[in-house]
Amino acid sequence: MTLQFFNTLSKKKEEFTPINTGKVGMYSCGPTVYQAASIGNFRSFIFSDLLRRVLEFNGYEVKQVMNITDVGHLVGDGDTGEDKMIKAMRQEGKSAWDVAEFYTELFIHDMELLNIKRPTVLPKATAHIDDQIELTKTLEEKGFTYTTSDGVYFDTSKLADYGKLSGQKLSEKEEGARVEKNPEKKNPTDFALWKFSPKDGKREMEWDSPWGIGFPGWAIECSAMSEKYLDSPFDIHTGGEDHIPVHHANEMAQTEAARGHELANYWMHNAFLTVQGGKMSKSLGNTYTLEDLAEKGFEPLVFRYFLLGAQYRQPQNFTWEALGAAQNALHNLEDIVRAWDRPGEVNKEVINKFKTQVNDDLNLPAALAEVWNLVGNEELESSVKAATILELDDVLGLKLDDIVAKSLLLPQVVEKMLKDRELARIEKDFEESDRLREEIKASGYLVEDTAEGQKVREAR
Ligand code: AMP
Ligand code: ZN
């Protein structure tokens with residue numbers, strides 16, 4: 001069955017063909033860890049999680065890299081304004097390193113609550129300063145840079161197709177109104193690869209470099225870390241659509257200039273989660289975190305279900321009423337699934353219908369409609385429905401296996417092995433725990449280790 005994605009680069013839906021048969025390398029722009037990620041940010045991370053799950057559903061082995069931006073993302077998104085980390089440090093009275101550590105942990109915790117698969121590699125920008133300096137040196141050697149009083153800049157006029165992702169011409173681009181103009185820049189689109197620390201003071205996060213003490217620009221981390229952990233070029237690059245004109249244009253430019261080839265073959269961008277049709281932003285007081293949702297009685301998976309209601313390229317409006325409707329629907333689904341018999345045979349036809357939808361540029365709303373068709377199908381036995389929905393949930397990620405698994409009556413001998421395995425894990429005897437996993441598997445059950453402990457289901 002073909003798999004099609006909308007590629008921002010070609011501006012059309014294309015059949016997906018990976019560079020290496022059976023394998024996919026993907027890079028997802030991750031969070032800037034200066035505050036708790038908002039549910040808007042999580043629309044982006046759930047989109048990349050759904051994409052990864054759909055690729056895995058199609059049998060691909062996926063290596064996903066997601067960066068943690070803990071330095072260099074300035075308030076203006078361009079190269080002016082304060083560093084978001086330093087600003088947060090001042091506001092919270094903590095060191096920038098502690099702020100980064102705290103919000104990185106919170107991000108990982110929130111990802112688990114939303115059942116977002118942990119990226120294969122989650123590299124931090126501050127742990128890859130040398131790689132960023134090396135790449136900047138290459139750009140300098142190839143004549144793409146110039147130095148001003150406040151940093152080393154990439155000269156975008158030197159790259160013939162700069163800005164091809166957004167389709168805007170260089171001459172049409174102006175620095176945004178929010179961003180104060182930098183008179184030393186040769187072109188408005190030029191961007192910093194390395195910024196100098198202020199002459200009169202020390203920054204808390206700063207490093208030595210061939211050009212002087214300072215810190216990396218925002219986009220260089222993604223070019224440097226993606227080529228460190230993935231092939232260059234790699235298959236798919238994801239992020240929110242706000243990244244198209246600046247951040248991703250700059251990532252692309254750096255890699256193309258330094259390496260002479262594309263950064264990635266497919267570029268996929270999610271539209272925004274909006275409030276009253278407008279931007280979700282801190283200054284408007286309409287941005288929410290998972291904690292805000294929990295205070296109103298909404299568990300994280302309800303938000304995940306809510307997001308399945310819109311295709312990722314469509315803007316989605318957030319309202320408490322819509323979240324309430326998602327909660328009713330999910331609870332309803334859970335109650336129905338709970339009453340089903342233990343999983344039996346899967347229904348291939350239903351799986352194929354669902355797959356047709358998700359393979360069509362992640363059409364999750366249509367795929368979810370197939371789930372409800374399955375639920376309402378009176379001709380199928382509930383054991384068939386149970387087995388089938390568990391397969392579909394590999395993509396949806398609604399943890400329906402928790403519910404189906406609850407009705408599992410485990411043979412005593414398997415119960416005993418699970419208990420022994422739990423003890424082995426507490427004692428960090430991983431050899432024994434792996435041996436028990438195999439023995440449990442031989443008895444017909446698969447065991448998985450999750451944040452809440454061992455989860456078991458029947459092998460199918
Ligand atoms: P940041 O932490 O600002 O670097 O953003 C992390 C990711 O969230 C980026 O890919 C953004 O494009 C994305 N993003 C930010 N706000 C929203 C929103 N309201 N809806 C969807 N994605 C968003
Ligand atoms: Zn990036």
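Order of appearance sets the numbers: ligands from 1, and atoms from 1 within every ligand. Along the sequence shown, residues are numbered consecutively beginning with 1. None of these values were measured; they are calculated from a predicted model.
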Purely on distance, is any nitrogen or oxygen of T32 under 3.5 Å from one on ligand 1?
-> yes
Angle at the Zn ion (ligand 2) between SG of C29 and NE2 of H247, to 10°?
-> 120°
Counting from 1 in the order shown, the ligand 1 atoms closer than 4.0 Å to a non-hydrogen atom of G240 are 10 (O), 12 (O)
At a 4.0 Å threshold, what atoms of ligand 1 neighbour a non-hydrogen atom of A271?
-> 21 (C)
Below 3.5 angstrom, do we get any N/O pair linking C29 and ligand 1?
-> no
Give the C-alpha distance, both sets of side-chain angles, the deciding distance and a yes or no for salt bridge (charged side-chain N to carboxylate O under 4.0 Å, His left out) between D131 and K228.
-> CA-CA 8 Å; D131 301 296; K228 179 155 188 161; 3.4 Å; yes
Taking D155 as the fixed residue, which of L139, T145, N187 is the one that meets the side chain to side chain contact (heavy atoms under 4.5 Å, CB included) rule?
-> N187
Tell me: protein heavy atom nearest atom 20 (N) of ligand 1, and distance?
-> L273 N, 2.8 Å
Subset of ligand 1 atoms that lie under 4.0 Å from at least one heavy atom of G30 = 4 (O), 6 (C)
Distance-only N or O hit between ligand 1 and M280, under 3.5 Å | no
Any ion pair linking K117 and E56 (charged N to carboxylate O, less than 4.0 Å)?
-> yes
With a cut-off of 2.8 Å, does any N, O or S atom of H243 fall short of it relative to the Zn ion (ligand 2)?
-> no
Which of these passes side chain to side chain contact (heavy atoms under 4.5 Å, CB included) with K23: N20, I19, T21?
-> N20
Distance under 6.0 Å and angle within 45° of the ring axis: does K186 meet both against Y146?
-> yes
Is a salt bridge present between D292 and K296, judged by a nitrogen-to-oxygen distance below 4.0 Å?
-> no
Can you pull out the closest protein heavy atom to atom 11 (C) of ligand 1? Residue, atom name and distance to 0.1 Å, please.
-> D242 OD1, 3.5 Å
Give the C-alpha distance, both sets of side-chain angles, the deciding distance and a yes or no for salt bridge (charged side-chain N to carboxylate O under 4.0 Å, His left out) between R425 and D449.
-> CA-CA 10 Å; R425 286 178 58 75; D449 297 309; 3.3 Å; yes
Does the pair K195/D150 count as a salt bridge with the N-to-O cut at 4.0 Å?
-> yes
Verdict with supporting geometry, C222 and Y27, side-chain contact (heavy atoms from CB on, under 4.5 Å) | CA-CA 9 Å; C222 293; Y27 186 92; 3.2 Å; yes
Short N or O distance, G40 and ligand 1, threshold 3.5 Å exclusive = yes
Considering only the protein, which heavy-atom contact is closest to atom 13 (C) of ligand 1, and what is its distance?
-> S44 CB, 3.8 Å
Out of N67, T238, N41, whose heavy atom sits nearest atom 8 (O) of ligand 1?
-> N41
Specify side chain, backbone, both or neither for K279, according to which of its non-hydrogen atoms lie closer than 4.0 Å to ligand 1.
-> neither
Answer yes or no: is there an ion pair linking K202 with E206, defined by an N-O contact shorter than 4.0 Å?
-> yes
For ligand 1, is there an N or O atom under 3.5 Å from any N or O atom of E241?
-> no
For F45, atoms of ligand 1 separated by under 4.0 Å from a heavy atom | 6 (C), 7 (C)
Look at R53 together with D394 and state whether they make a salt bridge at an N to O cut-off of under 4.0 Å.
-> no
Passing candidate, side chain to side chain contact (heavy atoms under 4.5 Å, CB included) with R304, options I116, L396, L113, L330 | I116
Does K399 pair with D402 as a salt bridge, N-O distance under 4.0 Å?
-> no
Which protein heavy atom lies closest to atom 9 (C) of ligand 1, and at what distance to 0.1 Å?
-> H243 NE2, 3.4 Å
Shortest-distance N/O/S atom, E251 versus the Zn ion (ligand 2) = OE2
Those atoms of ligand 1 less than 4.0 Å from some heavy atom in N270 | 21 (C), 22 (N)
Quick one: which ligand 1 atoms are inside 4.0 Å of a heavy atom on P31?
-> 2 (O)
Look at atom 3 (O) of ligand 1 and say which protein heavy atom is nearest, naming residue and atom and giving the distance to 0.1 Å.
-> H73 CE1, 4.0 Å
